**Student:** 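My structure is below; once you've seen it, I'll send some questions.
From a predicted model like this one, the values you see are computed outputs, not experimental measurements.
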Amino acid sequence: MKTTWQPQALGLGHWSHPLLGQRVVDHANNDRIGVLRALAPDVKGTDLRPVLRVPDTPPVAWLSPEGGGVEWTTGLDTIEAAQ
């Protein structure tokens with residue numbers, strides 16, 4: 001997906017994106033469709049304690065299934081608006 005927008009920091013490691021809250025196709029995961037919930041760093045591991053500082057990693061797209069369920073992450077360059 002080519003970007004013509006300029007991302008803006010929203011705080012706590014989150015970034016703006018024109019498709020936030022919209023249905024998107026995730027081409028990296030068999031064209032799975034989900035709702036773009038956030039652009040934020042991926043937190044690795046199973047530590048469930050609160051994150052006290054923003055991880056120093058690039059943001060990824062956080063997607064949720066349309067009907068609810070477990071979120072997943074994918075690269076920013078693998079999503080586009082669903083038709």
**Student:** Can you tell me how far apart NE2 (His17) and CG (Leu36) are? Round to the nearest 0.5 Å.
**Tutor:** 6.0 Å
**Student:** Minimum heavy-atom separation for Pro41 to Gly13, with atom names?
**Tutor:** CD-O, 3.1 Å
**Student:** Shared ILVMFWY cluster between Leu19 and Trp15, side chains joined below 4.5 angstrom?
**Tutor:** yes
**Student:** Which residues satisfy the salt bridge (Lys or Arg N to Asp or Glu O under 4.0 Å) test with Arg23, sequence neighbours excluded?
**Tutor:** Glu66
**Student:** For the pair Val24 and Glu80, evaluate side chain to side chain contact (heavy atoms under 4.5 Å, CB included) and give the outcome as yes or no after the intermediate values.
**Tutor:** CA-CA 5 Å; Val24 297; Glu80 69 177 347; over 6 Å; no
**Student:** Would you confirm whether Trp62, through its side chain, and Glu71, through its main-chain N or O, come within 3.5 Å as a donor-acceptor pair?
**Tutor:** no
**Student:** If you define the side chain from C-beta out and look only at heavy atoms, does anything of Trp72 sit under 4.5 Å from Ser64?
**Tutor:** no
**Student:** Let's go through Leu39 and Leu76 carefully: what are the C-alpha distance in whole Å and the side-chain angles of both, what is the deciding distance for side chain to side chain contact (heavy atoms under 4.5 Å, CB included) to 0.1 Å, and is it a yes or a no?
**Tutor:** CA-CA 8 Å; Leu39 262 58; Leu76 301 179; 3.4 Å; yes
**Student:** Would you say CG of Leu12 has more than 12 non-hydrogen atoms from neighbouring residues, nucleotides or ligands within 6.0 angstrom?
**Tutor:** no
**Student:** Who pairs with Gln6 by side chain to side chain contact (heavy atoms under 4.5 Å, CB included), at least two apart in sequence or on another chain?
**Tutor:** Gln8
**Student:** By the salt bridge (Lys or Arg N to Asp or Glu O under 4.0 Å) test, which pairs, at least two apart or in different chains, include something from residues 30-42?
**Tutor:** Asp42-Lys44
**Student:** Could you give the distance from OG1 (Thr74) to CG (Asn29), rounded to the nearest 0.5 Å?
**Tutor:** 5.0 Å
**Student:** To the nearest 0.5 angstrom, please state how far the CD1 atom of Ile79 sits from the CD atom of Gln22.
**Tutor:** 11.0 Å
